[in-house]
Amino acid sequence: MKINFNISRLAAFVLLSAFLTSCSKDKPFTPDEQSDPISGVYVLNEGDFQANNASLSYIDFLTGNITLDIYGTANSSDPTKPKALGDIANDMGIYGSLLYVVVNESNKIEILNASNAKIVKTINVDQPRNIAFHSGKAFITSYKNDVFVLDTLSKTVVAEIAVGRTPERIVASGNKLYVANAGWADAITGGEYDNTVSVIDPVSLKVETTITVADNIDNIFADGKDKIYVSSADIYNTIDWTIAVPSRLYRIDTKTNKVDKTYEFGAHLMTFYEDKAYLVSSNYKADKDTFLEMDLTTETLKESDIFKGIELNHIYGLAIDSDNGNIWLSDANYSELGKVRRYNKKLNKVDLTYTAGAFPSVFAFKR
Amino acid sequence: MSRVYLYLILLFIPSLLKAQVDTVHYGDTLRRVEITRPTFYKEEASTMPVQHLSKKDLDNLNSISVSDAIKFFSGVQVLDYGGIGGMKTIDVRSLSSNHTSIFYNGIAINNAQNGQVDLGKFSLDNIESITLFNGQQTKLLIPAKAFSSASTLLLESQKPVFEEGKTSHLKVGARVGDFGLFNPSLLWQQKLSKNTSVSFNTEWVKANGRYDFYYAKGDTDTLINRQNSDVDALRLEAALMGTLKDSSIWEIRLYNYTSERGLPGAAVDNKYYSNDRQWDKDFFVQGRWEKKYNDIYSLLINAKYDRLNLRYKDPDFHNTQGFLENNYKQKEAYVSAANLFVLSNTLKSSVSVDYFYNKLDADLKDFAYPERHTLLINAAIEWKKNNFQIQANGLTAILKENVRVGNSAGTKQILSPSISASWKPFADQNLYVRSFFKSIFRAPTFNDSYYTIIGSTSLNPEYVNQYDLGFTWQKAFNSRFQQVTFKADAYHNRIKDRITAIPLANLFRWSMVNLGRVEINGLDLGVSGNVAMDANINLDLGVNYTYQKALDKTPNGANFNQFIPYAPRNSGSGFIAASYKAFGLNYNVLYTGERYSLRTNIAGNQMEDWFIQNLSVSYQNKLAKLNYKLLAEANNITNINYTVIRNYPMPGRNYRISFQISY
């Protein structure tokens, strides 16, 4: 997942504890699970376009069992007829005891019981893309140029917040949510890209301010402190389809809402662990995804040698187990199934590799 | 990924499927009220495998469009996106649609933008025959274009033939049925003079296209209504033809097709149809003139002007405008001269020269506006002696492209040979052994070269080599069992430099490349015959079976030795047509075996086999001077829930009734 779990969970817990005492029609959804160890990880396989083959896998840390299609089998009484998750599953996240899966082409959010992947409720949302949580609510970007707000208690859409054009990723940081607006839908039909980050207040459910960053920004990551990182995607010259403006990474200081640093490369994946950021760039080196390690204190950057010697196609997902620092990396291949690898920090080696579904992308750790 | 997919949508029409029937029909025209040309088709001596459906066969196959009928051919898959308005393209022997040329009354129908011709748009209403050649036609006096594809599908319209003492022929019909189908048509043929006649034909197809299908939600199936699959199409066609004093024959044909249709897309979980729309305006005028100057020399001139306008709209695309709309305009101009030289009793030769001009305009930002000049020069030779004949040809193609914006694909020159032979080993047996080798290419389409972001102007052509060995054996009997025909062909095809899209440095940027090899080994088998039970009851029957193994042979590829998508190992078809006095009863079946929908051969990508049965009953008679015919059809009578293309559901059991009067 792209959001920082500790911060969003903590913020949610603080902000909601008062609310919960007065309104507890459902079981509390933020138990003090912080103390529970991570017991497994869900892996979302995006699937092929129009193939209806998105899937959800689960790796149980206690037994070591890998269930490749846990959604399909958990929601069908006949294991030979697994239920299809849908078409193009873009994002997911665990909040409380529930797992929220965003399925873009199927126009839906699947709310699953995080303990067994059984469907709790399916919510229709038009062209949803990404999800973040704050204050007992799920915030889902939609290509309708909106952020849908889902109350996690009532499991209903309570608001639609108009944001920028073609919003992509969303992240919670501090007491705000940040949305990267790419605007590519206009750009490919003769219009302009968007270049803003919409800052949403999770209480008033309004866009508080917008921060101008760069054209075609689609990725956004929070370091869990006061910085967020925004990355633009490549912009092509429409005449010969060469790259006109390459992907770039920008750092925003959330105290000033200003870009305080620009990197000469982009990052489509980024995660944070113990004063370090791990990121994947498609243009740090020419024509190749590069796995990078950034020391946030010294601000030094180096190519990580953690996955050295392993041939990676297209790095499509990245997450770090906050309990032990193990790094999970997914590798997608257009012509075959993807691969998921785990780097075990203690053993200092890649100790798990398995063949996943089509386009494995997002990880969600379960406590 | 989504934005990438958007670019891919219009470009990728997946590939491949399976079905058949070929028939050799003998006589039996007595009960036919309509007078058409004799259906006897001299295919047995052909050096290349050929399958033919006459008007009568077409009447027996529960088909309303060309795409329905060709499912009965051996070695053919129709990629059917479902419903009346859904796209339907032909794939012969797993070489993909781009490797089959389609000829309408002798002149090619092209689509320079994507290389795909939607055969669902071609009604059977005015079609007299459909012929499929693996390889190419085996006559020599044909345009160079006719030598330029791996397979050739020929569609012939009904030619004006007037009954004794009549100078006009009128046929009016209407068909109604499920999916809100309303399909009236009119054919009027008039003799203008002894040697000149005119034909006018129009047809309207209107249907809401809705049907129910079962969507499997795990262990439970949910009944879903497929929507936005309506179609409203009007075809107008006029032809003027005749014979001149010098015995030369000529024809001018005008064709206009306008349509609006829904594009329901894939039925995926929670979204069972999308709201995209498509409008087509297709127009062409074509002419041909054929003259035999003397016993040695004959000339055939063909010419065509063609305009295809396509408008596409996605109302759920959230840009500031609120929708995505693209307009594509294609133009084609074509001239051809074919020359036949009969050099001796045993030796013939031909030289054909064709020129095409193609142009594509699109209202896309900084579109390339490509235009292409294609020059095709073919030389062919045929030697025939006693029971042996051999044909060979060489085709030179010169392609030159220009663009208004950006880089062009430049100039290419390709030489493609083929050789074929047939032999009748026994004088007293109708056994013909044939074999052919053909090497051919397909040029990158305008989409392959210039489509937004993923097009690549550095593409090379995609090459196909075909090898075939087969035989036809026919036997006539002086008994109830009148005749039987066996056909078998074993083939080996190789595709190299496949034009395909792959991601470049990252998964957000895809491009067309020449990558991949495919090898296909196959066997087409067919048996057909007819039986006269007594003076009133007559039976025609036939069965076809295709076995093929189409494997990805891309060196070091991730899917090496796996089956390519939509290439079932087993497929087949069969029919029985019974007639009793004025009644006709037809039963036909189609089978397609298990196949994969994607390149990776895993269980999740495997598609179930299906077996479809259709039934029809007809009655035709004469009332005063009017001939009339009633037809009731039941399709997919066992109500099988199936898909040809993954997530594009096909209709369950459905009915049609049609009525026709002719004078």
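Remember, predicted model here, so these are calculated numbers, not experimental data. The sequence lines fix the lettering, A, B, ..., with proteins before strands; numbering per chain opens at 1.
- The two residues B:A501 and A:Y334 have their closest heavy-atom pair at O-CE1, 4.2 Å.
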**OP:** List the steps, then state whether side chain to side chain contact (heavy atoms under 4.5 Å, CB included) holds for B:T452 with A:W241.
**Re:** CA-CA 8 Å; B:T452 307; A:W241 307 110; 3.4 Å; yes
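- Residues A:E336 and B:T600 approach most closely at CA-OG1, 3.2 Å, considering heavy atoms.
- Your options are B:I602, B:I502, B:D552, B:T457, and the one with the most heavy-atom pairs under 4.5 Å with chain A is B:I502.
- For CD of B:Q606, the number of neighbouring non-hydrogen atoms (other residues, nucleotides, ligands) closer than 6.0 Å is greater than 12.
- Within the 3.5 Å criterion, the main-chain N or O of A:D240 finds no donor-acceptor partner in the side chain of B:N407.
- Nearest heavy-atom pair, A:Y143 versus B:H318, reported as atom, atom and distance to 0.1 Å: O-CB, 2.8 Å.
- Heavy atoms of A:I315 lying under 4.5 Å from chain B are absent altogether.
- Counting heavy-atom pairs closer than 4.5 Å to chain B, the top residue among A:K83, A:H314, A:K108, A:R165 is A:H314.
- Nearest approach of A:S106 to B:V268, heavy atoms of both residues: OG-CG2, 4.0 Å.
- A distance-only check finds no donor-acceptor pair linking the side chain of B:Q321 to the backbone of A:T189 [under 3.5 Å].
- Considering all non-hydrogen atoms of both residues, A:N333 and B:A558 come closest at ND2-CB, 4.5 Å.
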Original post:
What do the steps show when you test A:N53 against B:L598 for side chain to side chain contact (heavy atoms under 4.5 Å, CB included), and what is the final call?
Top reply: CA-CA 11 Å; A:N53 67 345; B:L598 292 167; 3.9 Å; yes
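- Around atom CZ of B:R277, more than 12 heavy atoms belonging to other residues, nucleotides or ligands sit under 6.0 Å away.
- Per-residue counts of heavy-atom pairs under 4.5 Å with chain B were compared for A:S76, A:P79, A:S142, A:A187; the largest is that of A:S76.
- Between chain A and the options B:N605, B:T220, B:D316, the largest number of non-hydrogen pairs under 4.5 Å is found for B:D316.
- The environment of CZ in B:F560 is crowded: more than 12 heavy-atom neighbours from other residues, nucleotides or ligands sit within 6.0 Å.
- Of the listed residues (B:Q562, B:E325, B:K217, B:K365), the greatest number of heavy-atom pairs within a distance under 4.5 Å of chain A belongs to B:K365.
- Heavy-atom distances place the side chain of B:Y648, and not its backbone, under 4.5 Å from chain A.
- Of the atoms belonging to A:K144, heavy atoms from both backbone and side chain fall under 4.5 Å from chain B.
- For B:Y215, the part lying under 4.5 angstrom from a heavy atom of chain A is the side chain only.
- A donor-acceptor pair under 3.5 Å links the side-chain atoms of A:N52 to the main chain of B:D269, judged by distance alone.
- Remark: side-chain polar atoms of A:T166 are not paired, donor with acceptor, to backbone N or O of B:N319 under 3.5 angstrom.
- Side-chain N/O atoms of B:N270 and A:N124 include a donor and acceptor closer than 3.5 Å.
- At a 4.5 Å heavy-atom cutoff, B:L364 makes no contact with chain A through either its backbone or its side chain.
- Going from atom OG of B:S597 over to atom CD of A:Q50 covers 12.0 Å, rounded to the nearest 0.5 Å.
- Remark: the A:D186 side chain and the B:T320 side chain contain an N/O donor-acceptor pair separated by less than 3.5 Å.
- Top candidate by heavy-atom pairs under 4.5 Å with chain B, chosen from A:S282, A:G183, A:G86, A:A54, is A:S282.
- For the set A:I239, A:N145, A:D126, A:V103, the count of heavy-atom pairs under 4.5 angstrom toward chain B peaks at A:I239.
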